[in-house]
Amino acid sequence: MRRRDVIAGLGGAAAWPAAGRAQAGGQRRLGILLVYGATHPDTPVIVETLKESLRRTGWIWGENLAVDLRFGDGDADRMRRETDAILAGKPDVVLAQGVVGATALQQATKTTPIVFMMLQDPVGAGFVSSLAHPGGNLTGVTNFDFTLVGKWLQLLKELSPSVTRALALINPDYPARLAGYAVELARIAPELGLVAQIAGVHDAAEIEQAVTAFAREPHGGLIVLPDAVTGVYGAQIIALAASCQLPAVYAYAAQVRMGGLAAYTTSVVQDVQRAAGYLDRILRGAAAGNLPVQASDRFLTVINLHTAAALKLTISPSLLAKADELVD
């Protein structure tokens, strides 16, 4: 399936559950809660990969599997409303993207099985009892741990050796995650000769205020941490980084393909495939609490050469050699 076909089909996603109800009684129900909107560049990748992965295990959307796909657009209140709508359909299992999606579902149900993906620190955030034995009704795939801050800071320094200041952007409303990243920034930044700080942002106005204020002093660079807000407002952050002449490292490759400088990231496709495997097992009777949380094990370095040139950065041969994808 071509990517543009998936994008075109997202507008009709809400019709899938209704089509499913016309099928025979053996049909199962899947809810999907994405923090991104339908126009986010990773959304068609997630949907296409999930649909194909489930097809390979025998689950056909609209036939033996009724699918209720909903979007949060980075808005916690909307996520809660979409959660209520999904659960009203009595799904057999729900896929939740990110900490915002998982939080909304965890607060709404203690019985419906939930598979999360693109989420950090599931134990510290209280989603599972342990990685090996989650307990409860949640399990899934975690993509980054807090030590990845070191990789992002190191990549920023390799790209722009003159950087001495770093500003990390994230939604501050999830205290365990915020504290985890803050601790690692404070620990690792001095080792790299950097002074780092975190800006808590919720929307476009707060992002613009934080970035423009930071850019008033020289030798700065951005770390765009993984979050629904930084994902939904990725295009704005990329534009601000360009206008302020700030090198920026992102958590997802999609942001680099949109014009961001670089990312050290996981394979979204692989993470979705793993989540789909757990959806299949739960649909066949497995208990979510008995399925150990999986961690991403494939990491990619992605660099946008056009953006590097615009920032007048010279990428070293060693960094070019270890890049998994170069965007030109």
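We use all heavy atoms of the structure for the numbers below, so side chains are in, but hydrogens, waters and symmetry mates are not.
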With hydrophobic residues grouped by side-chain heavy-atom distances under 4.5 Å, do [X] and [Y] end up in a single group?
X	Y	answer
Val115	Val123	yes
Val163	Leu313	yes
Leu148	Leu319	yes
Leu131	Phe116	yes
Val35	Ile32	yes

Next on the checklist: Before you tell me yes or no, could you show the steps for Thr49 and Val45 under side chain to side chain contact (heavy atoms under 4.5 Å, CB included), namely the whole-Å CA-CA distance, both residues' side-chain angles and the distance that decides it to 0.1 Å?
Outcome noted: CA-CA 6 Å; Thr49 302; Val45 176; 4.1 Å; yes
Next on the checklist: Under the rule for salt bridge (charged side-chain N to carboxylate O under 4.0 Å, His left out), what residues qualify as partners of Arg165, not counting sequence neighbours?
Outcome noted: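 Partners of Arg165 by the salt bridge (charged side-chain N to carboxylate O under 4.0 Å, His left out) criterion come out as none, since no residue qualifies.
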Taking the side chain as everything from C-beta on, heavy atoms only, tell me whether [X] gets closer than 4.5 Å to [Y].
X	Y	answer
Leu326	Asp328	no
Thr109	Ile114	yes
Leu291	Arg281	yes
Val99	Gln120	no
Gln107	Thr83	no
Leu246	Phe214	yes
Asn171	Arg177	yes
Val47	Thr43	yes

Separation of [Y] [atom2] from [X] [atom1] (nearest 0.5 Å):
X	Y	atom1	atom2	result
Met117	Thr266	CE	OG1	10.5 Å
Leu167	Leu169	CG	CG	5.0 Å
Leu54	Ile60	CG	CD1	9.0 Å
Leu192	Thr164	CG	OG1	12.5 Å
Lys151	Ile188	NZ	CD1	10.5 Å
Leu225	Tyr250	CG	OH	12.0 Å

Item to check | Pair Asp173-His202, side-chain hydrogen bond (donor to acceptor under 3.5 Å, both in side chains): steps then yes or no | outcome: CA-CA 9 Å; Asp173 292 344; His202 298 92; 2.9 Å; yes
Of the non-hydrogen atoms in [X] and [Y], which two are nearest, and what is the gap between them?
X	Y	answer
Ser296	Asn143	OG-CA, 3.3 Å
Gly74	Val232	N-CG2, 3.5 Å
Leu153	Ile223	CD2-CG1, 3.9 Å
Val327	Arg257	CG2-CG, 4.2 Å
Val229	Val201	CG1-O, 3.8 Å
Pro122	Thr142	CD-OG1, 3.9 Å

Checklist entry - Hey, do the aromatic rings of Phe144 and Tyr252 have their centres closer than 6.0 Å? => result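 Judged by ring-centre distance (under 6.0 Å), Phe144 and Tyr252 do meet the cut-off.
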Next on the checklist: Could you check whether Phe71 and Tyr36 have their ring centres less than 6.0 Å apart?
Outcome noted: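 For Tyr36 and Phe71, the ring centres are not under 6.0 Å apart.
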Checklist entry - Step by step, would you call Leu261 with Val249 a side chain to side chain contact (heavy atoms under 4.5 Å, CB included)? => result CA-CA 6 Å; Leu261 176 60; Val249 171; 5.7 Å; no
Short side-chain to backbone donor-acceptor contact, [X] and [Y], under 3.5 Å:
X	Y	value
Tyr278	Pro292	yes
Arg274	Ala295	yes
Thr307	Gly259	yes
Gln106	Gly101	no
Trp61	Ala66	no
Thr230	Pro226	no
Arg28	Leu283	yes
Ser243	Leu240	yes
Glu325	Val302	no
Asp280	Ala276	no

Next on the checklist: Checking Leu178 against Tyr174 for the side chain to side chain contact (heavy atoms under 4.5 Å, CB included) test, could you report, in this order, the C-alpha distance in whole Å, the side-chain angles of both residues, the deciding distance, and whether it holds?
Outcome noted: CA-CA 6 Å; Leu178 179 66; Tyr174 300 89; over 6 Å; no
Check this for me: does any side-chain nitrogen of one of [X] and [Y] sit under 4.0 Å from a carboxylate oxygen of the other?
X	Y	result
Asp68	Arg29	no
Lys322	Glu158	yes
Lys51	Glu48	no

Checklist entry - Going through the distances and angles, do Leu33 and Leu105 end up as a side chain to side chain contact (heavy atoms under 4.5 Å, CB included)? => result CA-CA 9 Å; Leu33 184 61; Leu105 281 156; 4.0 Å; yes
Next on the checklist: Is it the case that over 12 heavy atoms from other parts of the model lie below 6.0 angstrom from the CD atom of Glu52?
Outcome noted: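 Result for CD/Glu52: enclosed.
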Next on the checklist: Looking at Arg284, I want to see if its CZ is surrounded by more than 12 non-hydrogen atoms of other residues, nucleotides or ligands under 6.0 Å.
Outcome noted: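 For Arg284, atom CZ is crowded (more than 12 foreign heavy atoms under 6.0 Å).
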Item to check | Full working for salt bridge (Lys or Arg N to Asp or Glu O under 4.0 Å) between Lys157 and Glu191 | outcome: CA-CA 11 Å; Lys157 193 71 175 177; Glu191 297 176 5; over 6 Å; no
Checklist entry - With distance as the sole criterion, is a donor-acceptor pair present between the side chains of Asn290 and His133 under 3.5 Å? => result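 Note: Asn290 and His133 side chains miss the donor-acceptor criterion.
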